[in-house]
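Contents: one structure, followed by commentary.
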Amino acid sequence: MSSTFQIDFSAAHKPVIVGIDLGTTNSLVAFMDLTGPKVIPGPEGERLVPSIVSVRQDGEVVAGNPARQLLIEQPDRTVYSVKRLMGKGVSDIGEELRLFPFRIAEGSESVVRLQLGDRTFTPPEISAHVLRQLKQNAEAYLGRPVTQAVITVPAYFNDAQRQATKDAGRIAGLEVLRLVNEPTAASLAYGLDKRKDGVIAVYDLGGGTFDISILRLHEGIFEVLATNGDTHLGGDDIDNRLIQIALEDIQSEWGEDIGKNREAVQLLRRAVIQAKEELSFVPVTKIELEYQGKAYRRELTRDLFEKLIADIVERTLGPCRDCLRDAGLSPEQIDEVVLVGGSTRIPLVQKAVETLFKARPHTELNPDEVVALGAAVQAGILAGDVQDKLLLDVTPLSLGIETMGGVVSKLIHRNSTIPASATEIFTTGVDGQRNVLIHVVQGERELAKDCRSLARFDLKDIEPMPAGMARIEVRFLIDANGILNVSARDLRTGKEQSVDVKPSYGLTDEQVEAMILESYEKAEEDIRERQAREARVEADTIMNALEKAKQNDAWLELTDEERRTIDEALNRLLMVYHSDDHLLIRQSIEHLNNVTMKLAENMMNSAVSNALKGTKL
Ligand code: ADP
Ligand code: MG
């Protein structure tokens, strides 16, 4: 349980909008102060909150560092990397299930549910626990309530993944004012908008994902030209490689394969991560593991480390070249390179990037903080604290509708800058047709069945006409968050039908509402439990004091009647001590306090007279 803190709800400040990097591995919250964007530390001064959630045996849900601890103790009640499941349906997650120990609850249908102990959670609910921890950290630090946020998402996130991220915010009690693409946020953090024109490459190698984005800056406006990457490439691959080597060593030294022992592997994971992170700053370090009385120790030089991971670093370069090609640019045309993600601290990674783009990358800011800092800058822009900045982002996948024969007609092409809109006229395929089905799809393939189905709706009661005569206008509109609205209109009758696209794999408004309610209910329960515990602590204090007082002469100076009253009051407190009603406990404490008043006075007197005796010599 985190410590309690005071929130000044009467603060005359205008509400603060925070910027949040909701990462696969780590999450952070930042805000704009008078001097610029600042990362907000947690209660122990920690800047990164691991994106890990765990359900303790007593049912309390914890996020961040306490949850990371539980990853070793209770792996089947703990979940990480849940960003990979955001906005996905059960049929989309085969690849993730192969690579990650996600436990999908039975009966999961369009929305995935994860099993943690005896409870189940959707990915947005899990993320909401991480967000709630960040919100709490921010409130404790700023001393006022925080209810509005800008949250970053990978540039390639589709509609469903963006919606799921917004849902997570709402469940956590945060109004998500804007979703910003991570590379755009990173460029903002570096203030690259200060230069007039240029092309920026943002290379983001985090824990489990690699993203490369190319942005164009024109007249202080950012435009994402192209994005690429690998959703299963990052620091985790490096960790796994080192673990593999250590396991082989241990096998030959101890004659024992500890690879099947989850606890041992988790401990080893920590050890290799520590060694890896140190090697970014020193030329040689050690991997050390102590387990069940045995010790393993191995020296690792940066030279050897670089050889071991060379192919992993190399794997980032293909997507970079593809991204350059999509943007229609050669490496020489890149003016600035920004490094994002903790793994870009590795000198070999920096070298590889510099060689490819023929430009020295920016490393002045902490690579695991730049996205959150940029989100805070965007929050500042929305709050009106920062002026003269406008952001343009890009839609990662093409959007269109299914037409005759199951063929896709694209309205908005991939990598179009957003907000964006497109309008096209369609017609009917059958004589006298009265209804048209508008099937909205997302993806690059030609046939609708190979694309992702986003929504279907009917435009009803159109005027019956011979095939090919009706004129139906379909309009796509993507807002600044990358979320799509589709409308269809019969131009003859003016009849119109429109939907905010609710992705096929997502939560309904009702489900989100229910989760918010549930979290409030749980919050009340949590508060009640805390108040009862606090009251019990107070009861302990007074009962201990009474115990001591009974050894004092002052106790004997009371009348029998007075002593009986006190014992009765003590029994009353003992009776309610385990009640979960803190008011009941407090009433009994107060009663005991009242009836022991005289005893306390007597003791004071004897203490005073003893003290006076003492000075008399
Ligand atoms: P994400 O964006 O995936 O949430 P981060 O940007 O926080 O993740 O990056 C986390 C990764 O960065 C982890 O694999 C971590 O081990 C790695 N990392 C952090 N610091 C260093 C360092 N000094 N050297 C090498 N890798 C590091
Ligand atoms: Mg990240």
Side-chain angles (χ1 to χ4, degrees), residues 19-30 39 46-53 63-65 68 71 80-84 86 100 126-127 130-131 134 151-157 165 179-187 189 202-213 227 229-243 266 268-283 285 287 300 302 305-306 308-309 312-313 316 338-353 363 365-375:
I20 292 178
D21 171 6
L22 185 58
T24 310
T25 318
N26 294 304
S27 298
L28 298 85
V29 56
V39 170
E46 72 279 16
R47 298 163 78 82
L48 301 180
V49 169
S51 305
I52 305 178
V53 170
N65 278 313
R68 180 163 71 170
L71 195 56
Y80 59 93
S81 273
V82 78
K83 187 172 179 178
R84 299 180 175 282
M86 291 288 272
F100 289 86
I126 298 282
S127 293
V130 175
L131 290 173
L134 296 171
I151 302 183
T152 57
V153 289
Y156 62 77
F157 254 27
T165 306
L179 297 174
V180 180
N181 287 338
E182 289 162 9
T184 310
S187 306
V202 181
Y203 177 105
D204 180 351
L205 191 61
T209 56
F210 170 61
D211 300 319
I212 174 75
S213 315
T227 71
D230 184 333
T231 52
H232 292 103
L233 181 57
D236 296 346
D237 296 287
I238 297 173
D239 305 344
N240 289 336
R241 172 95 23 113
L242 295 180
I243 287 172
Q266 279 299 343
L268 187 58
R269 183 174 296 278
R270 275 204 196 176
V272 304
I273 290 175
Q274 197 185 338
K276 169 189 80 171
E277 296 188 358
E278 278 168 13
L279 278 184
S280 295
F281 307 104
V282 297
T285 187
I287 301 174
L300 185 62
R302 188 187 290 167
F305 174 69
E306 293 189 343
L308 293 174
I309 65 163
I312 296 174
V313 177
T316 65
V338 172
L339 293 184
V340 179
S343 301
T344 63
R345 285 211 177 86
I346 298 171
L348 181 67
V349 171
Q350 301 186 357
K351 255 180 270 164
V353 174
T363 52
L365 297 173
N366 283 332
D368 34 25
E369 296 182 354
V370 291
V371 169
L373 294 173

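Numbering of residues begins at 1 and proceeds along the displayed sequence. First listed ligand is number 1; within each ligand, the first listed atom is number 1.
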Distance filter under 4.0 Å, heavy atoms only, around ligand 1 gives G23, T24, T25, N26, G206, G207, G235, I273, K276, E277, S280, F281, G341, G342, S343, R345, I346, D368
Any side-chain heavy atom of L28 within less than 4.5 Å of one from L48? yes
Nearest 0.5 angstrom please: S51 OG to L22 CG, how far? 6.0 Å
Does the salt bridge (charged side-chain N to carboxylate O under 4.0 Å, His left out) test come out yes or no for D368 and R47, once each step is laid out? CA-CA 10 Å; D368 34 25; R47 298 163 78 82; over 6 Å; no
As an exercise, state the distance from OH of Y203 to CG of L339, rounded to the nearest 0.5 Å. 8.0 Å
Taking side chain as C-beta onward, heavy atoms only, is H232 less than 4.5 Å from D230? yes
Salt bridge present between R68 and E46 (N-O < 4.0 angstrom): no
